[in-house]
Amino acid sequence: MHLFSCLTDHIRQHGSCDSWTTDVSEGLHVCLKDAYRATNRVNYIMQLLAYLDADLGMSIMRLNLTYLALNGFYVAESARILHLLPLPMKLLNTRRAR
């Protein structure tokens with residue numbers, strides 16, 4: 001709540017930023033809502049932390065694999081799962097090609 005009170009004062013004094021959006025805070029809010037829905041509402045804070053920790057770990061792993069695949073260091077299976085294969089290889093992996 002403190003953030004919003006400071007934010008409103010700052011906007012009144014300086015005006016709003018042209019490039020400022022609520023995308024980041026909305027994205028975090030949606031992620032937290034999904035995490036809460038995955039709990040059983042008993043000791044939910046620990047469950048939220050575990051869920052968000054696992055989700056962040058998977059996001060970091062996906063970013064690392066994407067970086068490696070885009071720089072040419074990848075295993076074909078991980079590149080296929082991440083949808084990073086070049087078009088000729090995508091065509092070879094279709095059902096019709098098999």
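Positions are given from 1, in the same order as the sequence printed here. It should be emphasised that the depicted structure is a prediction, and the values quoted were computed from it without experimental measurement.
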> Quick one: CE on M58 to CG on L65, what's the gap to the nearest 0.5 Å?
Replying inline: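 So the CE of M58 and the CG of L65 are separated by 9.0 Å.
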> What are the two closest heavy atoms between R41 and T39, and how far apart are they?
Replying inline: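 That would be NH1-O, 2.8 Å.
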> If every non-hydrogen atom of N40 is compared with every non-hydrogen atom of Q47, which pair is closest and at what distance?
Replying inline: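 That closest heavy-atom pairing would be OD1-NE2, 2.6 Å.
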> Mind checking who shares a hydrophobic cluster with M46, ILVMFWY linked at side-chain heavy-atom distances under 4.5 Å?
Replying inline: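 Other cluster members: L32, Y36, Y44, I45, L48, L49, Y51, L52.
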>> Through direct or indirect side-chain contacts below 4.5 angstrom among Ile, Leu, Val, Met, Phe, Trp and Tyr, which residues connect to I60?
In response: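 For the cluster that includes I60, the remaining residues are L56.
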